[in-house]
2 protein chains.
Amino acid sequence: MKWDELEEEACSIARTIGVIGDRWTLMILRECFLRTRRFEGFQSALGITRHLLAERLKKLVRQGVLRRIPYQEAPKRHEYILTQKGLDLYPIMMAIVHWGDVHMVDVRGRPLLHQHRKCGKMFDPVMVCSECGERLSAKEVHVHPGPGARAALEKAHLDKKAKARKRAA
Amino acid sequence: MKWDELEEEACSIARTIGVIGDRWTLMILRECFLRTRRFEGFQSALGITRHLLAERLKKLVRQGVLRRIPYQEAPKRHEYILTQKGLDLYPIMMAIVHWGDVHMVDVRGRPLLHQHRKCGKMFDPVMVCSECGERLSAKEVHVHPGPGARAALEKAHLDKKAKARKRAA
DNA sequence: ATTTGACAGTTCGATTTTAGAACTGTATGA
DNA sequence: TCATACAGTTCTAAAATCGAACTGTCAAAT
């Protein structure tokens, strides 16, 4: 499977992984959420090769996760800013941070603490059900095929028939 | 930066990415949450090469995300089951699915729907503050260096001095 | 007037990963 | 005894990544 095929799969995980599912992209997004905006900023914070950084930034802009905004003429310079689509990645980032905080800390303790402005307290992110507000766990969730999956199944069925015809010919 | 260095960084995102931050690992974990347990199951569902699948499964077992459990002798066969550490990845998975549902669906609609057993309704996952229960967004969160970050800063400081001495010599 | 440094990339050869396919070995069922 | 299921391993070719150097514009320092 190639990267660009992932985005066509009838699976929201596959499609999302097509956008953010590699090491450097996730690290770049971490920096975005920590308010880094410029090429040099990303490069020196991450130690990524300049080549790859340029490539990943372009890809994120193409996909609408970042916006490239000029901040000076002569020479032309741009900043990379999260779009709303990019900001919406926040729960993913927080979920990743939290898992690391719980399962990957060493003796030194947590690298970062998070304070909620609204209530003023240090907090952990918690995932709840949008309908009843209770904490979610894998075992309490039932998965059903949605309209996208049914369409995909029909397509797979047709593909299979096409292949069979091809073999016969 | 190499993969194994990621796990030593003073950053929970970097450490987590060191474990799950590649395309195939995330897809394998998707299958785990959909109840796939065996080598052939993963392979045929994902189209991953057998070589990489074997490698990724080993890595996940080493890191305590999966447990390798024999289900028959002669020939020896094993199943790969999520540990608690693995089950705790659920919020990350759900956050990824949800972002895909919102930003990457096509005309066919959502591939999967999620039903919460407790309340019986179809739901979306929502991330809230553990202290006050309000929805989280990036702008409402303040980041503070924790104990792990301070220790890391001191270490970086020492490393820098060591390097300077080396240059001088 | 000339050099130095910051910034944002691009280019290129060497190394590392991944893809794709074939092969190994044990057991079951026809 | 022949085919099939399962869980890998091995091999070569292709693709991605690394590391380092190079390009070009401008501002500030000498």
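First the proteins, then the strands, lettered A, B, ... as listed; each starts at 1.
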Tell me the interatomic distance from B/His78, atom NE2, to D/dA7, atom C1', rounded to whole angstroms.
10 Å
Under 3.5 Å, which donor-acceptor pairs link side chains of residues 118-133 of chain A to any protein atom two or more places apart or in another chain?
residue: A/Lys118; atom: NZ; partner: B/Glu134; partner atom: OE1; Å: 3.4
residue: A/Asp124; atom: OD1; partner: A/Arg110; partner atom: NH1; Å: 2.9
residue: A/Ser130; atom: OG; partner: B/Asp124; partner atom: N; Å: 2.9
residue: A/Ser130; atom: OG; partner: B/Asp124; partner atom: O; Å: 3.1

Salt bridge or not between A/Arg50 and A/Glu40? Use side-chain N to carboxylate O under 4.0 Å.
yes
Select one nucleotide: of C/dT26, D/dT25, C/dG9, the one nearest the side-chain heavy atoms of B/Pro75.
C/dT26
Does anything in residues 31-74 of chain A form a ring pair (Phe, Tyr, Trp, His ring centres under 6.0 Å)? List the pairs, not counting sequence neighbours.
A/Phe33-A/Tyr90
Where along residues 39-72 of chain A does a heavy atom come under 4.0 Å from DNA chain D, residue by residue in number order?
A/Thr49, A/Arg50, A/Leu52, A/Arg56
Can you list, in residue-number order, the parts of residues 20-27 of chain A that come under 4.0 Å of DNA chain D, counting heavy atoms only?
A/Arg23, A/Trp24
If the condition is side-chain hydrogen bond (donor to acceptor under 3.5 Å, both in side chains), which residues does A/Gln72 pass it with, not counting sequence neighbours?
none
In whole Å, I'd like the distance from the CD atom of A/Glu73 to the C1' atom of D/dG24.
16 Å
A/Asp101: which residues meet the side-chain hydrogen bond (donor to acceptor under 3.5 Å, both in side chains) condition with it, sequence neighbours left out?
B/Ser12
Side-chain donor or acceptor of B/Gln43 paired with backbone N/O of B/Ile48 under 3.5 Å
yes
Give a yes or no on whether the backbone of A/Glu79 and the side-chain of A/Arg38 come within a donor-acceptor separation of less than 3.5 Å.
no
